[in-house]
Every structure is written in C-alpha cells, then in structure tokens.
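Please read all numbers here as calculations on a predicted model, not as lab measurements. Below, chains carry the letters A, B, ... as their sequence lines are ordered, and counting in each starts from 1.
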Amino acid sequence: MDEKYYAEKIEEKWQKHWRQTGAFEVEPDDARPSFYCLEMLPYPSGFLHMGHVRNYSIGDALSWYKRLRGFNVLHPIGWDSFGQPAEQAAIKRDIMPLEWTEANIAHMRGQLQRMGVSYDWRREIAAHRPDYYRWDQWFFLKMHERGLAYKKMSPVNWCPQEETVLSNEQSSGGICWRCGASVEKRDIAQWFLRITKYAEALLDDMREIEAGWPERVLTMQRNWIGRSVGAYVDFQIKDADANAKVRVFTTRIDTIYGATAIVLAPDHPLIAGAPLKDDVARFAERVRAAAPKNPGEEEEKEGISTGLFALNPFSGEQIPVWAANYVLMEYGTGAVMSVPAHDERDFEFAQKYSLPIRRVIERISHEQEQIAHNEAALDQSVAMPHAFTDYGILVNSGDWSGKLSEDAMREMAEFAREKNFGEAAVTYRLRDWGISRQRFWGAPIPIIYCERCGAVPVPEKDLPVVLPSRADFTGAGESPLAGVSEFVNTTCPKCAGAARRETDTMDTFVDSSWYFFRYCDPHNAEAPFDAKKIAYWTPVGQYIGGIDHAVMHLLYTRFWTKMMRDLGLVSFNEPVKKLMTQGMVTNVVEGTGEWKKMSKSLGNGVDPDDMIAAYGADAVRLFILFASPPENELRWLEAGVEGAVRFLRRVYNTVFRWRDALPDAPKSAPAAEELSAQARHLRHETHRAIARVTEDFERMHFNTSVAALMELSNALGDFPSTPETTTLADRFSVREALESLVLMLTPFTPHVAEELWEKLGHEGGILGGGACWPQLIEELARKDELEIPVQVNGKLRGRLLASAEASEEQLREAALADEKVRGWTEGKQVVKVIVVPKRLVNIVVR
RNA sequence: GCCGGUGUAGCCCAACGGCAGAGGCGCUGGUCUUAGGAACCAGAGGUUGAGAGUUCAAAUCUCUCCGCCGGCACCA
C-alpha cells in the first residue's frame, strides 16, 4: 500500500480488476431479487459532459448500494445513436454518419470506463445498428397491422430555396439555417402512431406511478394530454340542405343561449361553400403567412364574416358564422360557439367586431364577482366590463333558466343526444405521434409502394430494411435516402412488380421508447426480447435522467409499453416504477457572476476528462453527489472537488495508520465492559452512521449520506489512542468503524473503497469476496444518555441529563425540580406539563 | 393568466410538529513553516422571504402576499 492516496493508480487497478472478473455482469437468478437501475441513454455526440457524469454517478451509487444489499442488479448502458448531428457531420466534413457515430461511441465508452461506472458492458446496444432497429421496424409492422400506424397529410417546415424539409431547430425564427430564406409550411403525407387511442389510459395509469414519480412530471404530462370534458353541438346552416351543419365542441353547453356567433378556424372546410369565400380565403391566406408568433405573446384577434348563418338548436335563433385566427383547426372540431358574456376570448372578439353580448349565467354566491350589467337590455356590450366565466345559475335560457351550470351541462348534453344534434364528449390536446422524418440517419419505415397494390408492409421475414452504407449528403433537395437507387428500387412483396421503398425514417424517440427492454436480452435474433427475461428484470426499479424528457420521451415510452402489453409482450401497464429527475449542472459565466447551465456557447463548460485527470473519478463523483441533492441544480465548484479529495485522503491515511494493528483484534464483538468509553462511543458513532446512510439511500438523499460518512470519519480521527497503545478489544471498534466506512463509501467512490477494503485484509474484491452492506445494531445506534431540553412556555430554560428509558413521570419530576427551571416557575401556577420521552419537556405556567 | 416547485448563515445545503445547524465551501484567528501553500486546531456568522392562523410548541401544518425557477398558454 502506498503511503499516499494516488487516485489514478488505484482507479486503473480496479477498473482492470472489474473488467477481468466481469464484476458487473449479471443473469436472471430466481434465487435473488432483481433490481433494474436505468439511466437515460446518451446521444453519442462525441464527448461526455458534466450532466452525463451526474446522471451516471447517481445511477452507479444506487446500483452499488442495491448490490451490497443483496440484489441482483441490472445496470446497462447504450447509445441513442440515430439523429441529425451525424448527418450534419456528413454534410460539413464529408464523413459518413456510420463512421462518425462509431468513432464517437468508441471515445465516449472510454470516458465512461475511466469514470468507473459499473455497467454490464456485454449488454451495450446502439440504435443505429441493424440488429437493434430491425425491431423498431418489427414494432411498426405490428402497429400497422392493428391500425395503430397510419399515414396522413401533415405540415413540415419547408425551405423553398433548397427544396428541403427542415427540423424545428433548422428553421428557428422562420428562417432557413443554411440559406436564410423564409421557411414555409408544406403539407406532405407522413406516418403517425395512434397514441391518442391511449390518452385515457395514459392519464388513468398515473395512479400506479404517483408514489414513485415527481409530481411535476405527472403535471406536465397531464397538461400535455390536456383532457377536456364537454359536448359536441351541431348547428344547422341556414338556407342550406339538411346535411350542412357545423359541429362545435364546447365545455360550457350551459351558456349556449348566450351564443351570438359561430367562429370557424380559417382553414375550416365549411368555408369552401360560403358566400364570401373569396374574402375568407384571402383572410385565411394572410393568417397563414403571418410571421410566426413569439412564444408568450398573444396575437391580436382577427376575424371576418363568412356571410353564412347558423341556427342555435336550443333557441332556434339565427346567428352569424365568422372565421377567426384564434380558433385552431387542430383542436376540437375547428369550430366554436362564441359566448362573449362568459368567455374572455369571445368577449374580446365580440367587442372588436361589435357582436352582441348576451348574459345567460348569474352568479350564485356572494363570493363570486358581481359584474355590472343592464338588467333591462338584451345586449350587454356597453354595460359589461368583462366576461363572467364562473359556473352559476342559468338566466335568459328558456326552459333551462334557473338550473345550476353543473346540472345544465349534463342535462343539455343529454337533451342534444336525444334530439340527435349533439352529445357529451371528451377531447384531448394530445395529437397522434408523427414519426416520419425526411432524413437519412434513422430507422427506415418498412413500407413498399407499388402502383398496383398500394402501400404494402415489408414482410417480417425480410426485416431489417437496412440503410445503405453511402449516400450523397448535400443538405439540399430531398432526403439523401431518396437518392440511393439501390435502396429505393425494389419489388412489391405482393405482386413482385417493380416498386419503391418508403424513404422516410423514424423519429429517434421510437428507438428510446423501448431500448431498456432490449437490454434484458440484447442479442436475441428471434424476437425483440424473451418474455421470461423481461419478467425477471422489468419494470424498471429506478429511472434517472433529465427533466427535459418529462413529456415526450417519458410519455412515448409509457405509450409503447401499453402497446406491447396489448401485443401480449409484457404483463404490466407502466414501464418505470420510480423516476428521478436530476437537476442541471451550472457554472459561473465568466464576467457576469451568473450561474448558468454549462454549455459550449456560454463557454462555461467543464470537461469531465480534465477533472478526472486532476482529481480522480472518485473525487469528482463524490463531489457531484455531495454538493446538492440530485433533483437540485448543482453548482460546479472546483474548491468543492478539492474538498472531496481532502476527505478521501483523510480516510486513506486513517486506514494506512491502523491497518497493521487490526488483524489481531477479536473476530466477534467484545462485551461492552471490555471496551473503553471511547471505544463504546466509536461503536455508537459507527452504528448511527449506518442507520443514517441506509435511510438516506432509500430516499436517494446522497448529500446527507456523505455528510454522515464524513462525521464517522471525523469520529475516527477523534479516537484518542494510537494503534500501538490500543487494547485488542478496542481495536475491534476501530476495525468495525473503518470497515463500515469503507463499505458505505463504495457507492460513491468505488475505486478507493475497493483499494481500502483490500488493505483491511479482504481478498477478491468487494463483490467477489461477498462483502455486504454493514449490519445495523439498533441499540448501539441509540444514545444511552440523552440531553433533554426543558422549556417554560415554549422557551428553552434548562437541560436535563436522562437515560433513554426514563419514563414520562421521571422526566416531569426532574424538570420541575431543576434549579434553573424553578427560577422561571417560582411563584407561578403550573397549568400543564408536556413530556415527549427522549425529546423534551415543556412546562406551561400562568 | 393557469398549473407545479421553491425560499434556513456570505455560498451549497441539514433539520420527517419538539434545543434553528449535520456536512462541505468561503471567511477570521492559531499551531507548523524563512515565507506562502498544505495539514491540523479553534472561531465568528440568523427576524428560517413577509404577515396572519392552528398548537403547550411552527423552518415544518393552514391561509394571504412577495421573490425566484420550471411547465402550459387564444385548447373552446
């Protein structure tokens, strides 16, 4: 053993040991409980950043802890290796996406290995390899069979100059990133997955994961799904045939007597038949061409009358049909009934275009706002200052007047259904998932277009549809894949005639929707995975990743699981039992003093390799876990890393100093009488630390675990005797403290823990030697003598020394008899004495 | 605007209704040193964002307000 702590040497040694012994390689084992610890797989950009290091440090700590607690731990990693940057590298630097991607993976794998993360590397997967993406294609075919994958027209960002499709990032600000031309929307046929079919289940099943997922992630998903309960109502178009109806969606059918217009989205199909259709078409064109609005900014409401009139099915009243920019074709039916008196947006619109305002809801409680109105007038345009949007009681609503909103909504929807002009309905903000990308570097969608047979799915036996190894990457024109004739030209699986392949590839969120199932059986050539292996490992016990994936990835993967369940592949509804969203890693931006997320553009990034080279992987990981709780922002402080090294050095020195004195210590615990007071105190500190660290691990409060380990280390430093003068019995307590400390450090700093464990006389490594988490002895963790604060009227006035077993009565007597306390109770009447055993006494006097 | 989170020492953060402080960073002083650094020892630092309520007792529970962070936002 070196006298000093040399991180680099120790880390190399143990990484080699782990590799050679396959320390983290696992297989299903029915005799042991499984634990699946998963971190979000990285995109192989080429370099690990601090956010990755934080993510994997958290996962690794938990994995080690669970192993030491006797779990069979699956801890895998892989690569989200399809996506745009590989194509951009091809355009810019003339390097093929495959080559670029594989080189990046090789480099990042090396970085992860130098971090010493305990992965089962045999299970590594990469989305861009045909043995992975063939199963993306297989799932697509299964969904296609069931009508869950379908094609429809949908807009893309289109650069008219380069005649190419752009991603949102490439068209930010409405301008093409390469040529600066203004970007247009263009409709093309694209593939969609029917996630909306699962909207209700995605909401309902949240019950199963509520306990293990952060509230805010579930809230974000709920907002995203946007369930809305209301009703459809059909309005007959006046002077047209009986089929000419406009269907609206409303959440407030109780306000229908206040409807003074129907408002359509500018691209609503009914406009084609309107008397003023040319004016409306010009208006719609202007709305479409309007500059893309800035987020957070509300556009001025604009509209135009269509010249049509509609009949209110409840009142029979005739109201005008308008088109306006604030009604969206994508939501509900693309048409609304405008009730200005009870909807802010309709109010604003009605005021601008002088539409009448009809008041039909009266407040029901004096706690609700009384809004000025003119009882005598039919139109409230002048009297009402703004809309009244609460529920209340119906007025001016024919036979329905006098009913409560809640009752009216239910009964009026039912009435509409009976009379066949509407029904109760639920709509969602959630749209189907568009997976088509007009790109090269993705999984090809396995469809063949035949002039005779139409769109034909590729037969399963012909999978995978493999990407060509080369293509021309210009960045302009159609997708590079479309230019590869040996890929595109094929024969129809049905009629064997000449046919063309689909050249769209899949969204990369497809790959990440099910990758963690593949880890369980990564080399299976017959199926995406084996059902028995899945049953042993999944669902995931703990998933760790950034909050940025709160909606898309985590919603898609929940959807995918439900789809797989319906295919009979898994037997549960939810793929992830517990989710932890880590905070971002920030650093000071030079010259501003502000803490911002590390990024290239701000120049405040810190290279993990540099830090590991300077301080060692153990110290970097320890600092990251110690500096703040995992969900919080982590402020990068190099002084903090230095502090971590200092701590490790202290522990190292303590082991070095004691190790020769320890082998002679008794193998089992000496009786308390044989130990000195200091040794008994040390045992107390040891077991207190075990209790705290264990509890904190269960809650993933790593920062406080580390603090407890530092306390234990301090207690060892305070131990008054030297190795030479300590009795054999006392040496037992030192060995116990050191071994506990080292074992509990393992999840944070596995390399140095292995090294110290070996120096404490254990062979074969921590896992190989069968070490396990230290066993808590509760009575040692308890303090036998306690200092009990005594309060008088809630103010601290004295302290008592009492045994932990002291009864309520004993504490009460002792408190009342205490001299200091009596100074405050003298001459007063004791009203009440509250005794909380082991904690405190409070005397209430008057 | 709506929803969620959060506010404790100069900073990161503990305290699961019971003494406001575990740990680290920084700062001040000391030991050591030619000096600095390192290491070790000691120490200072507070209206728990503000106000009200519940309670014997509130950082903790409830309400109102303020600040900050995040999500959604013409969603009918």
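A:Gln221 comes within contact range of no nucleotide atom at all, as no heavy-atom separation falls under 4.0 Å. Residue contacts for A:Val836: at a heavy-atom cut-off of 4.0 Å it reaches a base atom on one of the strands shown. In this structure, A:Pro629 reaches the sugar-phosphate backbone alone: every heavy-atom distance under 4.0 Å involves primed, P, OP1 or OP2 atoms, never a base. Nucleic acid contact for A:Arg692: sugar-phosphate only, since backbone atoms but no base atoms lie under 4.0 Å from a heavy atom of the residue. Residue A:Gly226 is classed as having no contact, given no heavy-atom separation below 4.0 Å to the nucleic acid.
Along RNA chain B, the nucleotide nearest A:Leu840 and the nucleotide nearest A:Leu637 are compared for position; the residue whose nucleotide lies closer to the 5' end is A:Leu840. Nearest-nucleotide positions on RNA chain B place A:Asp696 closer to the 5' end than the other of A:Asp696 and A:Glu787.
Distance, A:Glu631 CD to B:G7 P: 13 Å, rounded to whole Å. Separating the CD atom of A:Glu633 from the P atom of B:C11 is a distance of 14 Å, rounded to the nearest angstrom. With rounding to whole Å, A:Arg216 atom CZ is found 13 Å from B:C3 atom C1'. With rounding to whole Å, A:Lys4 atom NZ is found 12 Å from B:A39 atom P. To the nearest angstrom, P of B:G24 lies 20 Å from CZ of A:Arg635. If you measure from atom CG of A:Asp343 to atom P of B:G1, you get 18 Å, rounded to the nearest angstrom. Rounded to whole Å, atom P of B:A38 lies 13 Å from atom CZ of A:Arg650. Between A:Leu716 atom CG and B:C40 atom P the separation is 14 Å, expressed in whole Å.
A distance of about 12 Å separates the P atoms of B:G51 and B:U47, rounded to the whole Å. Going from the C1' atom of B:C3 to that of B:A9 covers 33 Å, rounded to whole Å. Nucleotides B:G29 and B:G45 place their P atoms 16 Å apart, quoted to the nearest Å. Using P as the reference atom, B:G26 and B:C65 are 42 Å apart when rounded to the nearest Å. Taking atom P on both nucleotides, B:A59 is separated from B:C40 by 36 Å, rounded to a whole Å. Only the P atoms considered, B:G24 is 12 Å distant from B:A39, to the nearest whole Å. Rounded to whole Å, the C1' atom of B:U31 lies 42 Å from the corresponding atom of B:C16. Taking the C1' atoms as reference points, B:C12 lies 24 Å from B:G4, given to the whole Å.
Taking only side-chain atoms of A:Ser628, from C-beta outward, the nucleotide of B:C13, B:C72, B:C19 with the closest atom is B:C13. Picking from B:C12, B:C19, B:G23 the nucleotide with the shortest atom distance to the side chain of A:Arg799 gives B:C19. Among the nucleotides B:G24, B:G26, B:A39, the one closest to the side chain of A:Arg649 is B:A39. The side chain of A:Thr250 approaches B:A76 more closely than any other nucleotide in the set B:A76, B:G23, B:G26. The side chain of A:Gln791 has B:C19 as its nearest neighbour among B:C19, B:G23, B:C74. Listed candidates were B:C25, B:A76, B:C56. Nearest to the side chain of A:Arg646 is B:C25. The side chain of A:Phe626 approaches B:G23 more closely than any other nucleotide in the set B:G23, B:C12, B:G18. Checked against B:C56, B:C19, B:A76, the side chain of A:Ile834 finds its nearest nucleotide in B:C56.
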Walk me through it: do A:Met337 and A:Ile256 pass the test side chain to side chain contact (heavy atoms under 4.5 Å, CB included)? CA-CA 8 Å; A:Met337 62 180 205; A:Ile256 196 165; 3.5 Å; yes
Show the numbers, then the answer: is there a salt bridge (Lys or Arg N to Asp or Glu O under 4.0 Å) between A:Glu685 and A:Arg688? CA-CA 5 Å; A:Glu685 289 295 324; A:Arg688 198 169 67 99; 3.3 Å; yes
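Between A:Asn632 and B:C13 there is a side-chain polar atom (N or O) within less than 4.0 angstrom of OP1 or OP2. OP1 or OP2 of B:A73 has at least one side-chain nitrogen or oxygen of A:Arg429 nearer than 4.0 Å. Put simply, A:Asn223 has no side-chain N or O that comes within less than 4.0 Å of OP1 or OP2 on B:A73. Between A:Thr704 and B:G23, a side-chain N or O to OP1/OP2 separation shorter than 4.0 Å is absent.
The aromatic ring centroids of A:Phe697 and A:Phe748 lie less than 6.0 Å from each other.
Pairing of B:A39, defined by two Watson-Crick or G-U wobble distances under 3.5 Å, is identified with B:U31. Checking B:G67 for Watson-Crick or G-U wobble geometry (two distances, each under 3.5 Å) identifies B:U6 as its partner. Using the Watson-Crick or G-U wobble rule with both distances under 3.5 Å, B:G45 pairs with nothing in any strand shown. Across all strands shown, the partner of B:U62 is B:A52, judged by Watson-Crick or G-U wobble contacts whose two distances both fall under 3.5 Å. With a cut-off of 3.5 Å on both pairing distances, B:C74 has no Watson-Crick or G-U wobble partner at all.
Residue A:Asn842 places a side-chain atom within donor-acceptor reach of the base of B:C56, judged by atom type and a 3.5 Å distance cut-off alone. Within 3.5 Å, no donor on the side chain of A:Lys832 pairs with an acceptor on the base of B:C56, nor the reverse. A donor and an acceptor atom never sit less than 3.5 Å apart when one is taken from the side chain of A:Glu300 and the other from the base of B:C74.
Salt bridge present: A:Arg222 and A:Glu215 bring a charged side-chain N and a carboxylate O closer than 4.0 Å. Ion pair A:Glu633/A:Lys597 not flagged as a salt bridge, since none of the NZ, NE, NH1 or NH2 atoms sits closer than 4.0 Å to an Asp/Glu carboxylate oxygen. Using a cutoff of 4.0 Å between basic side-chain nitrogens and carboxylate oxygens, A:Asp618 and A:Arg621 are not scored as salt-bridged. Taking the charged nitrogens against the carboxylate oxygens, A:Glu809 and A:Arg812 do have a contact shorter than 4.0 Å, which makes a salt bridge.
Side-chain N or O atoms of A:Ser315 include none that pairs as donor or acceptor with a backbone N or O of A:Tyr257 at under 3.5 Å.
Applying side chain to side chain contact (heavy atoms under 4.5 Å, CB included) to A:Arg797 and the options A:Val790, A:Asp818, A:Val792 leaves one that passes, A:Val792.
The closest side-chain donor-acceptor pair between A:Glu302 and A:Asn325, if any, does not fall under 3.5 angstrom. Under 3.5 Å, the side chains of A:Tyr652 and A:Glu3 contain no donor-acceptor pair of N or O atoms.
Listed in residue order, the members of residues 327-339 of chain A having a heavy atom less than 4.0 Å from RNA chain B are A:Val327, A:Leu328, A:Tyr331, A:Val336.
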